[in-house]
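Take a look at the structure set out below.
This structure is a prediction, so every number in the text was calculated from the model and none was measured. Atom set for the values below is all heavy atoms of this structure, side chains included, hydrogens, waters and symmetry mates excluded.
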Amino acid sequence: MQISGALLFQLGALLAAIAVLGSVARRFALSPIPVYLLAGLSLGKGGFWPVAAAGEFIMTGAPIGIVLLLLTLGLEFSAAEFASSMRHHLPSAGVDVVLNAAPGAVAGWLLGLNGVAILALAGVTYISSSGVIARLLEDLRRLGNRETPAVLSVLVLEDFAMAAYLPLFAVLAAGGSWLQAVAGMLVAVSALVAAFAASFHWGHHFGRLVAHSDSEQLLLRVLGIALMVAALAESLHASAAVGAFLVGLTLTGDTADRARTVLGPLRDLFAAIFFLAIGLQVDPQELLPMLPVALILAVVTAATKVATGGLAARRDGVARRGQLRAGTALIARGEFSLIIIGLVGASIPEVAALATSYVFVMAIAGPVLARFTGGPLPEGAGPAT
């Protein structure tokens, strides 16, 4: 086996550098997510230090990061509890679509863009980043907070919406017909509903299947199945994140506790790689021309996401401070928006430029605003109220 010295050196230096930067961020009680994003931006397209060898590994590892983030998040809840929460928050999901897709659509209309471009911007402003928010909730030690089930219900319902949106949009962006687009959408949504029903009704069999006293066996079984389910979800134009989350929901009790323990270090490594990958995909020169418009759009949609999260948390009887925490937790945009940008990048460059600037602003601002509107807990403290 031939070992690439360039890969090992670049990756090692990069991980060491973000370890130092992340440590500095934590000393100021900040999530390291914005630091990782900026590190990726400085090293990617147009960056000051090309990392071609490490870049290939990072782009390959990024999907594993999103799978691990949502898998471990799903381990915090049971399928029955979460199904009940999702049903309860269907009205919140409707408000979410109206409040957060509308600003992107209006911006596209004001810029004189065509229907496909307007649909693209609506999707970019609507969908929050499951990956960024999953890591953020862990960083701020909010997984046990009363508002967190509401936040997660909104996220998963958004991912369900994306299962309909992405097949539809991908066909239309490629010049396909509405009939083809609707057919692809129906297949994806049906598959995701079937997967959720299977997780809810027969998930306990999966728990018995993967349970093992040996930690290595448990790690290999859970991660192997999670990756396959995530791949199946992607092949059906659904969400790998939702697929991984459903796998996590099926595990409960001691098996879930042990799975969280063995997956934790691996999740932390690949989560950092996932955030680096977001930065690596962005050319800093693309951010500047549309930055003023992106900032206006960011302010508007940050406010609408706060309203969305506040409404969802209020339905769960959460106090005003918890409502604000829920709203700011939902601000960050990320992986889904980048997928939409990729679908329109070549054909509608002005949309790609605006959306890229917007996503990067929101991916950085979201964790910072979440920190300062709720604050992290001291080490060893229990969940906030």
Next item on the list: Begin with the C-alpha distance, continue with both residues' side-chain angles, and end with the deciding distance and a verdict on side-chain contact (heavy atoms from CB on, under 4.5 Å) for T255 and L218.
Entry: CA-CA 8 Å; T255 302; L218 180 64; 4.1 Å; yes

Margin query: Between L15 and F275, is there shared hydrophobic-cluster membership here, with clusters defined by ILVMFWY side-chain heavy atoms closer than 4.5 Å?
Written below: yes

Next item on the list: Let me see the working for M228 and L232 under side-chain contact (heavy atoms from CB on, under 4.5 Å), right down to the final yes or no.
Entry: CA-CA 6 Å; M228 288 190 291; L232 179 61; over 6 Å; no

Margin query: If you define the side chain from C-beta out and look only at heavy atoms, does anything of V24 sit under 4.5 Å from V35?
Written below: no

Next item on the list: Give the minimum heavy-atom separation between L99 and A307, together with the two atoms involved.
Entry: CD1-CB, 4.0 Å

Check: Roughly how far, to the nearest 0.5 Å, is CG of L70 from CG of L155?
Finding: 8.0 Å

Note to self: In this structure, would L90 and V154 fall into the same cluster of hydrophobic residues linked by side-chain contacts under 4.5 Å?
What the structure shows: yes

Margin query: I'd like to know if the side chain of K305 and the backbone of Y126 have a donor-acceptor N/O pair within less than 3.5 Å.
Written below: yes

Next item on the list: State whether the side chain of D316 and the backbone N or O of V318 hold a donor-acceptor pair below 3.5 Å, judged by distance alone.
Entry: no

Item checked: Gap separating the CG atom of N145 from the CG atom of L137, nearest 0.5 angstrom -> 8.5 Å

Margin query: Checking the side chain of R260 only, and the main-chain atoms of L75 only, is there a donor and an acceptor separated by less than 3.5 Å?
Written below: yes

Notebook entry, point to check: Under a single-linkage definition using a 4.5 Å side-chain heavy-atom cutoff for Ile, Leu, Val, Met, Phe, Trp and Tyr, are L140 and I364 assigned to the same hydrophobic cluster?
Noted result: yes

Next item on the list: Over all heavy atoms of both residues, which pair between V306 and L324 is shortest? Give the atoms and the distance, please.
Entry: CG1-CD1, 4.1 Å

Notebook entry, point to check: Do L68 and L223 have side-chain heavy atoms sitting under 4.5 Å apart?
Noted result: yes

Check: Would you say R315's side chain and H89's backbone share a donor-acceptor pair under 3.5 angstrom?
Finding: no

Margin query: Show the nearest heavy-atom pair for residues V368 and P34, with the distance to one decimal.
Written below: CG2-CG, 4.1 Å

Margin query: I need the single residue from L172, N114, L113 that forms a side chain to side chain contact (heavy atoms under 4.5 Å, CB included) with L119. Which is it?
Written below: L172

Next item on the list: Please round to the nearest 0.5 Å and tell me the distance separating atom CZ of R135 and atom CG of D268.
Entry: 4.5 Å

Checklist line | Rounded distance (nearest 0.5 Å) linking atom OG of S357 with atom CG of L288 | finding: 7.5 Å

Next item on the list: Walk me through it: do I340 and Y165 pass the test side-chain contact (heavy atoms from CB on, under 4.5 Å)?
Entry: CA-CA 10 Å; I340 296 169; Y165 172 90; 3.6 Å; yes

Notebook entry, point to check: Taking C-beta and beyond as the side chain, do Y36 and L21 meet within less than 4.5 Å on heavy atoms?
Noted result: no

Notebook entry, point to check: Do you reckon V132 sits in the same ILVMFWY cluster as I18, going by side-chain contacts under 4.5 Å, direct or chained?
Noted result: yes

Checklist line | Spacing of R325 atom CZ and R142 atom CZ [to the nearest 0.5 Å] | finding: 6.0 Å

Margin query: Keeping S23 on the side-chain end and A19 on the backbone end, is there a donor-acceptor pair under 3.5 Å?
Written below: no

Note to self: Please say yes or no: joined through hydrophobic side-chain contacts below 4.5 Å, possibly via intermediate residues, are L354 and V300 part of one cluster?
What the structure shows: no

Checklist line | Shortest non-hydrogen contact from F169 toward A120 | finding: CZ-CB, 3.5 Å

Check: For the side chain of T308 and the backbone of T304, is there at least one donor-acceptor N/O pair under 3.5 Å apart?
Finding: yes

Item checked: Any donor-acceptor N or O pair under 3.5 Å, side chains N100, T301 -> no

Check: So, E158 side chain and S128 main chain: donor-acceptor pair closer than 3.5 Å or not?
Finding: yes

Note to self: Keeping R258 on the side-chain end and H212 on the backbone end, is there a donor-acceptor pair under 3.5 Å?
What the structure shows: yes

Check: Sub-3.5 Å donor-acceptor pair from the side chain of R333 to the main-chain atoms of I331, do we have one?
Finding: yes

Next item on the list: Give the minimum heavy-atom separation between P32 and D139, together with the two atoms involved.
Entry: CD-OD2, 3.5 Å

Margin query: Using 0.5 Å steps for rounding, measure from the CZ atom of F360 to the CG atom of L41.
Written below: 4.0 Å

Checklist line | Neighbour count above 12 (heavy atom, 6.0 Å) for E56 CD | finding: no

Margin query: Testing the basics here: between L251 and A259, what is the closest heavy-atom pair and its distance to 0.1 Å?
Written below: CD1-CB, 4.5 Å

Notebook entry, point to check: T250 side chain to V247 main-chain N or O, any donor-acceptor pair under 3.5 Å?
Noted result: yes

Next item on the list: For residues V124 and V351, determine if any side-chain heavy atom of one lies less than 4.5 Å from a side-chain heavy atom of the other.
Entry: no

Next item on the list: Please test T125 against L121 for side-chain contact (heavy atoms from CB on, under 4.5 Å), starting from the C-alpha separation and ending with a verdict.
Entry: CA-CA 6 Å; T125 59; L121 284 177; 5.6 Å; no

